[in-house]
Protein chains: 2
Amino acid sequence: MAHYDDDSYNAALDRLLLLTVMLNDDMQRGLATDGLTPSRTSLLWTLRRIGPCPQQAIAAAMQVSPRTVTGLVDGLVATGFVTREPDPGDRRAVLVTFTPKGTAAVDSLIAQQREFSRQLFAAMPPERFDGLVAGLDDVLGTLHALGLRSPF
Amino acid sequence: MAHYDDDSYNAALDRLLLLTVMLNDDMQRGLATDGLTPSRTSLLWTLRRIGPCPQQAIAAAMQVSPRTVTGLVDGLVATGFVTREPDPGDRRAVLVTFTPKGTAAVDSLIAQQREFSRQLFAAMPPERFDGLVAGLDDVLGTLHALGLRSPF
DNA sequence: GTACGATAGTGAGCATGGCTCATTATGATG
DNA sequence: CATCATAATGAGCCATGCTCACTATCGTAC
């Protein structure tokens, strides 16, 4: 059947990749207004998920080297989003901990994301929305089957 | 109606962002095996679109500074993907030009992308595929209406 | 035809974010 | 206690982004 050939698949992937680029660019612009970089934001996000913890744990969760986490935490400490607290159970380790500013920043990111999702989807016909979600789930499942693992 | 509220919008955006991250990571891994970085690949891709041209034109097309293009071209020249040819009409300028290796690399990227799109979509029920594409187009249109511009 | 402003590219220098390897301090265990 | 493992960081590399200053060249106006 003419409509489900390589060209249509390719066109669909092009759309997906274009969306990828545009969403990334937009997020990055938004973060910059909060004084955050993508990597530092990723660390804050991880920290929110796994709680105050030594840098090793953050490195494992983010799948980067411990040395990289040292640098990111340096930046976040300098800009006031987190602090390094002593780990009461291990004097080698530090516990990376949110400051009030850090907590507020993450809360704000969550709120912005909710608002953005509303802008993206609220005006979409329910049927189309369901079709989009079903398609995305299918693709995510296929990626999983291809061996790509979610970073979370 | 209970199913089309903020939570479902948010869940859909989460899926989209997850897909974004996974596709980016996968692409980057693939490029690394070709000896390319994302930025250098982006330059090759741009060069393919606009043809041999001075670095200024590449900078404008990629929306980065001319100085950044100097660095990217330095890398691509060192790894043999492009050459700097004299511009016959302007002795200040250079024409960034594909080597055979560069042309082959871009062709290979296109082939890989087609193959990947096949893997993603060939097994998907046509109805779901259509629903996905319709949803993606809707989102892209909404982004456009929100003022986000495609980088191309 | 020359003098001057605009343009193409790059050097210098900075920030960020990856990495490895070496080092220090501490923990844990035999 | 000695030894090995682990947490963090210093040193130093590469890539990518930026600005600012500089050179070479272009084009134009005079």
Side-chain angles (χ1 to χ4, degrees), chain A residues 21 24-25 27-29 31-32 34-47 50 52-79 81-97 151, chain B residues 21 24-25 27-29 31-47 50 52-97 151:
Chain A
V21 171
N24 272 334
D25 286 1
M27 280 199 301
Q28 192 161 345
R29 263 194 307 276
L31 295 178
D34 294 328
L36 283 168
T37 63
S39 290
R40 292 179 189 175
T41 306
S42 169
L43 195 154
L44 292 185
W45 205 254
T46 301
L47 195 59
I50 65 182
C53 62
Q55 296 181 182
Q56 296 281 347
I58 299 176
M62 292 180 68
Q63 299 182 261
V64 297
S65 72
R67 188 60 184 84
T68 297
V69 172
T70 297
L72 294 177
V73 172
D74 283 350
L76 287 167
V77 167
T79 47
F81 290 94
V82 303
T83 57
R84 285 189 171 98
E85 303 295 332
D87 183 334
D90 187 341
R91 280 186 295 168
R92 293 168 303 177
V94 298
L95 294 182
V96 181
T97 310
Chain B
V21 171
N24 272 333
D25 286 1
M27 279 199 301
Q28 192 161 344
R29 262 194 307 276
L31 294 178
T33 69
D34 294 328
L36 283 169
T37 63
S39 290
R40 291 178 190 176
T41 306
S42 169
L43 195 154
L44 292 185
W45 205 255
T46 301
L47 196 58
I50 65 182
C53 63
Q55 296 182 180
Q56 295 282 348
I58 299 176
M62 292 181 69
Q63 299 182 265
V64 298
S65 71
R67 188 60 184 84
T68 296
V69 173
T70 297
L72 294 177
V73 172
D74 283 350
L76 287 167
V77 168
T79 48
F81 291 94
V82 303
T83 57
R84 284 190 172 96
E85 302 295 332
D87 183 335
D90 187 340
R91 280 187 295 167
R92 294 168 303 177
V94 298
L95 294 182
V96 181
T97 311

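All of these numbers come straight from a predicted model, not from anything done at the bench. Sequence lines set the chain letters: A, B, ... in the order given, protein chains first and strands last, and positions in each chain run from 1.
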On the nucleotide D:dC18, are OP1 or OP2 found under 4.0 Å from the side-chain N or O atoms that B:Thr68 carries? yes

Using only modelled atom types and a 3.5 angstrom limit, is any donor from either the side chain of A:Arg92 or the base of D:dT6 paired with an acceptor on the other? yes

What about A:Arg67, does its side chain sit under 3.5 Å from the base of D:dG10 through a donor-acceptor pair? yes

Length of the line joining B:Ile58:CD1 and C:dT10:P, which is rounded to integer Å: 11 Å

For the CG atom of B:Leu47 and the OG1 atom of B:Thr97, what is their distance to the nearest 0.5 Å? 7.0 Å

Whole angstrom is fine here: how far is it from CE in A:Met62 over to C1' in C:dC19? 14 Å

Tell me, with the steps shown, if A:Thr79 and A:Arg40 meet side-chain contact (heavy atoms from CB on, under 4.5 Å). CA-CA 11 Å; A:Thr79 47; A:Arg40 292 179 189 175; 4.3 Å; yes

Using a heavy-atom cut-off of under 4.0 Å over every strand shown, decide if B:Asp90 touches base, sugar-phosphate, or nothing. sugar-phosphate

Is the phosphate of D:dT9, meaning OP1 or OP2, less than 4.0 Å from a side-chain N or O of A:Gln55? yes

Would you say A:Arg91 places a side-chain N or O within less than 4.0 Å of OP1 or OP2 belonging to C:dA25? no

From CD of B:Gln28 across to P of C:dG17 the rounded distance in Å is 15 Å

With sugar-phosphate meaning primed atoms plus P, OP1 and OP2, does B:Arg40 contact a base, only sugar-phosphate, or nothing at under 4.0 Å between heavy atoms? sugar-phosphate

Would you sketch DNA chain C in dot-bracket for me? Only Watson-Crick or G-U wobble pairs with both distances under 3.5 Å count, crossing pairs as [ ], other-strand pairs as |, the rest as dots. ||||||||||||||||||||||||||||||

So what does B:Thr70 touch, heavy atoms closer than 4.0 Å: a base, only the sugar-phosphate, or nothing? base

Heavy atoms only: give me the nearest B:Ile50-B:Ala61 pair and the separation to one decimal. CD1-CB, 4.0 Å

Under 3.5 Å, is there a donor-acceptor pair between the side chain of B:Thr46 and the main chain of B:Ser42? yes

Nearest whole angstrom, please: distance from the P of D:dA8 to the CG of A:Asp87. 8 Å

Look at all strands and tell whether A:Ser65 reaches a base, only sugar-phosphate, or nothing, counting heavy atoms closer than 4.0 Å. base

Please report the interatomic distance CD1(B:Ile58) to CG(B:Leu44), rounded to the nearest 0.5 Å. 9.5 Å

Starting at CD of B:Gln63 and ending at C1' of D:dC18, how long is that distance when rounded to a whole Å? 16 Å

Counting the atoms with a prime plus P, OP1 and OP2 as sugar-phosphate, which does A:Gln56 contact under 4.0 Å by heavy atoms, base, sugar-phosphate, or nothing? base

What nucleic acid atoms does B:Val94 come within less than 4.0 Å of, heavy atoms only: base, sugar-phosphate, or nothing? sugar-phosphate

Figure out the CG/P separation between B:Asp74 and C:dA12, and round it to whole Å. 13 Å

Distance (rounded to the nearest 0.5 Å) between B:Gln28 CD and B:Thr33 OG1: 12.0 Å

Out of curiosity, A:Asn24 CG to A:Arg29 CZ, how far, rounded to the nearest 0.5 Å? 11.0 Å

